[in-house]
Every structure is written in C-alpha cells, then in structure tokens.
2 protein chains.
Amino acid sequence: MSIEQRDRILACACDLYLADGLDGFSMRKLARSLGVTAPALYRHYGSKERVLLDVVGEGYRHLVQYLHGALQGRTPEDRFRMAGERFLDFALEHPRYYEVLFMGVDLVRLEGHEEVADQGCALNQFWSDRLREAMGAGLLELRDPEASGVTLWAHSHGLISLYLKGMLPMSDEEFRKLYRDSNARVLTGLGTRHYADRLAEERAESTPGMGSTTEAVG
Amino acid sequence: MSIEQRDRILACACDLYLADGLDGFSMRKLARSLGVTAPALYRHYGSKERVLLDVVGEGYRHLVQYLHGALQGRTPEDRFRMAGERFLDFALEHPRYYEVLFMGVDLVRLEGHEEVADQGCALNQFWSDRLREAMGAGLLELRDPEASGVTLWAHSHGLISLYLKGMLPMSDEEFRKLYRDSNARVLTGLGTRHYADRLAEERAESTPGMGSTTEAVG
DNA sequence: GTCTATAATCCGATAGAC
DNA sequence: GTCTATCGGATTATAGAC
C-alpha cells in the first residue's frame, strides 16, 4: 500500500498548496489534513521539497493537458495560435500551478529534478514543433525553430509573470487582449523595415558564412 | 537617532540579503550582524517584509543607476540599445536584486507598497521614453510606445527570469548572445510579411476606425 | 525611547519505542 | 508504518531594565 499512500499524500499536498499557496504549505498541515502526524510523512517523502517536486509534476500534467488541446486545431495556424491561447488559459485558471512551475522556489538544485528538467525540455520541444509547423505553412520566416521558440516563450512568460505579480495592473479580460496584441507585435516586429534590414546585416556580419535561414531548411 | 538606526539596519539587511539570499535572510541573523537581538529590530521595522520592502527600494536605486547610464548614449539608437544592454548587465551583475525586484516574494499585498508600484511605473515610463525616441528616429514603427514598451520589457524579463531560474542552461556569455539575438527577432518580427499583413488586417477589424499607427502620430 | 530577556508558537527534521 | 518526544531554528509578542 506504499504507493497508494504516496498518491494520497500527493493529492492532499496539491489541494493544500492550491488552497494556501507556497507560504501556507507545511508538512504539519499536510499531515493534519491526512489525519496523521508529521513524521509519518517522512516514511514516504524524504523532505518537504520532494513533495513540492511532485506537486510540480502534477502542475506539468495539467499544463500538458491544456497544451494538448491545441493539437486539436486542424491547421498549423490553428495549432500555433491555440497553443499560445491555451498557455494563457492555464496561467489564468491555475495561477498557483503556474507560479510553482515557472516562478516558484528553486527545485532545480534538488537531486531527482531531472524529471522537471525533462518536462521543461518537452515544453520547449512542443513550442519548437508548433513553430516548425508554422514555418512550413508560410506563417513564420524560416529560421531556427528552437531559437524562435525561446523568443516567443520568453515573451509570453514575461507578460504572464509580470501580470501575476501585479506589475501590470488590469483585469483578466484586459490582460487577455494585451497578451494577444503583444504576441501580434512580436510576430509583425517592432522595428521599421529599414532598421530590420540593418539588424539583419549586422547579424550576417557577426556570424559570417552561417546565414540564419540555411540552418532551418533541412 | 531613530532614522540613523533604520539606515544602519537597512544597510546590513542589504548586505545580508545579497550574501545569503532570500532563504538565508532572517531577522535573527540581521540582528546578530548588527550586534543586537532580534526583538530590537521591531522597534524600527514592523515586520521582516517591511525590511525587504526597503531592500527592494535599494535594488531599484541600483537599477535606475544602471539604466541612467544608457542616457549617456548620443543618439536615440544608442540610448535604445544601451537601455536593453544595461538592463541585462544589471540582471547578471546583481541577480539577487533582480530576483527580489521582479521574481521575489509578493510585496504588493503589503501596505506601503505604493513606492514599489511607483518605481514600476517609472520603469515603464523609462522604456516608453526610449521607444518614443526610437520611433522619432525612424527605428521603430509608429505605434503606442507604452504598449510596445511592455512587449519589449516582457520579452527581456521573460528571458532573464527563465535564465536565472536555470531553465535556459548555458553560460553567461552564451546567454548574452541569446539575449541580443532574441531582441533582434522581436524587432524584426518572427512572422512572414504575408502573415504580418494578415494580422494587421485582423487588428484593424477588431478596432474599427482606430488604426494602430494613427494614435501615435500626435 | 532603546534595548534585553524570555516565552509562545510555528516550522522541518530525526530518534527510537511500538 | 505510525506514534511520542525532541532538537534546532524561525518569527513574533510581551515584560521590564536602563
């Protein structure tokens, strides 16, 4: 019954974290909600951070579920747009999970965090796939899909984290519009054609013989 | 001598925070480093978070100093580019301050956080000014400078926070290059001309009579 | 007014009996 | 596997000496 107990603990841990947040999360409270004493938990989890690491795992499961919905789109453009929207939906509907996934405590320094790192890579891969598709459909310029994915991911995450921290004071509805508009700006570019051309030249000079388009052709 | 004492505490608090980070920051340690006991601190600061709020203020002072350096640039383009670079410099040279400013604990829910909110607005204003300049110099398309500023700010912050959290595993040197390249992508745009035009059309439809260029002309 | 001493209450984690 | 007991440490509040 060891595994069952672990699952029961994890379920309660998720509830507790979602209800009381990171500050209100303690092993003693968790034990109380399970009807046992704190030391009993250490038979199943080595530390509090180990528990939170599994909570992160649950958060990823939810996020993947959201993003998976974007694959229902019929065209690459649908899937590309929906991916961005579903990511926003996840952040606004599960802000606590979003925080523990992307803004929370450093779980990275914990051994056994490879699972989290893998999930991060999987996420990067997901964006990369959507971009590759969109490039194939003629929506995006042919460039390194991973690099472009990082740009889009960073922009979306930056917006969301600033909003969740209250640094962009507005309503959810207003933020949804801002998110959409800002993503459109990233796609169309902020610079003038003249300036963009000059940046491209500088780029070509800094990496001679490695045109940015050639590497994504294969 | 009440104010002097407060300053002494704040100076030690900054040192302690920069040395031991957020986890290692405690009122006891702070009191020890000052040669007093913990309860004495509560004569000058109502809570630990109040102390951290002042530390945040110090962080802002440093950031403003960095950004102020960008104003030394002679042309709008210089100032525009240097602003982005100085922001990166600050993040990499003072990651602890960057964390407490943009990724740290929620100080927003604290009363007396207006100062922080004001500083956030001032930061937004700074970006807005740089963009306005760059638009005037023909570098950026004429659009709402505040909205474009949020886009650029969010992208830079997203990149930096992902890197500082270890989700973009690479060296500082590599990250500097990624930061530069990704910013260039935001300026040139990720979408094809065809897709960008279509997005502009959708935009015009969703806000009829309010062309995105006209509002920034005045 | 300023500081010390003490204590209450919480936390994470461990040892050892059952 | 679970309990009791306990350690070491944290925040916070109160009482009282100087």
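The chains referred to below are lettered A, B, ... by the order of the sequence lines, with proteins before strands, and numbering in each begins at 1.
Put simply, OH on A/Y42 is 19 Å from P on D/dT6, counting in whole angstrom units. At whole-Å resolution of the value, CE in A/M27 and P in D/dT2 are 13 Å apart. Between A/R32 atom CZ and D/dT2 atom P the separation is 18 Å, expressed in whole Å. Rounded to a whole Å, the NZ atom of B/K48 is 16 Å from the P atom of D/dG9. Rounded to an integer number of Å, the gap from B/Y45 OH to D/dT11 P is 16 Å. Separating the CD1 atom of B/I9 from the P atom of C/dT2 is a distance of 11 Å, rounded to the nearest angstrom. A/L22 has its CG atom 11 Å from the P atom of C/dG12, to the nearest Å. Atom P of nucleotide D/dA10 and atom CG of B/L41 are separated by 13 Å, given to the nearest angstrom.
Note on A/F25: only backbone sugar-phosphate atoms sit closer than 4.0 angstrom, heavy atoms only; bases stay farther off. Among the protein residues, B/A40 comes within range of the nucleic acid bases, having at least one heavy atom under 4.0 Å from a base atom.
Comparing A/K29 and A/P39 against DNA chain C, the residue whose closest nucleotide sits nearer the 5' end is A/K29. Nearest-nucleotide positions on DNA chain C place B/G35 closer to the 5' end than the other of A/A38 and B/G35.
In this model, a donor atom of one side chain and an acceptor atom of the other lie less than 3.5 Å apart for A/E174 and A/S171. In summary, the side chains of A/T75 and A/R79 do not present any donor paired with an acceptor at a separation below 3.5 Å, with no hydrogens or angles considered. For A/Y98 and A/H157, the side-chain atoms include at least one donor-acceptor pair closer than 3.5 Å.
At least one cation-pi condition fails for B/R86 and B/F90: the charged atom is not both under 6.0 angstrom from the six-membered ring centre and inside a 45 degree cone around its axis.
Applying the 4.0 Å criterion to OP1 and OP2 of C/dC11, one finds that A/S26 has a side-chain N or O inside that range. For the OP1/OP2 pair of C/dG1 and a distance below 4.0 Å, the side-chain nitrogens and oxygens of B/H44 include no atom meeting the criterion.
Looking at A/S148 and A/W127, their side chains never come closer than 4.5 Å, going by heavy atoms from C-beta outward.
Side-chain N/O atoms of A/R28 and base N/O atoms of C/dG12 include a donor-acceptor pair closer than 3.5 Å.
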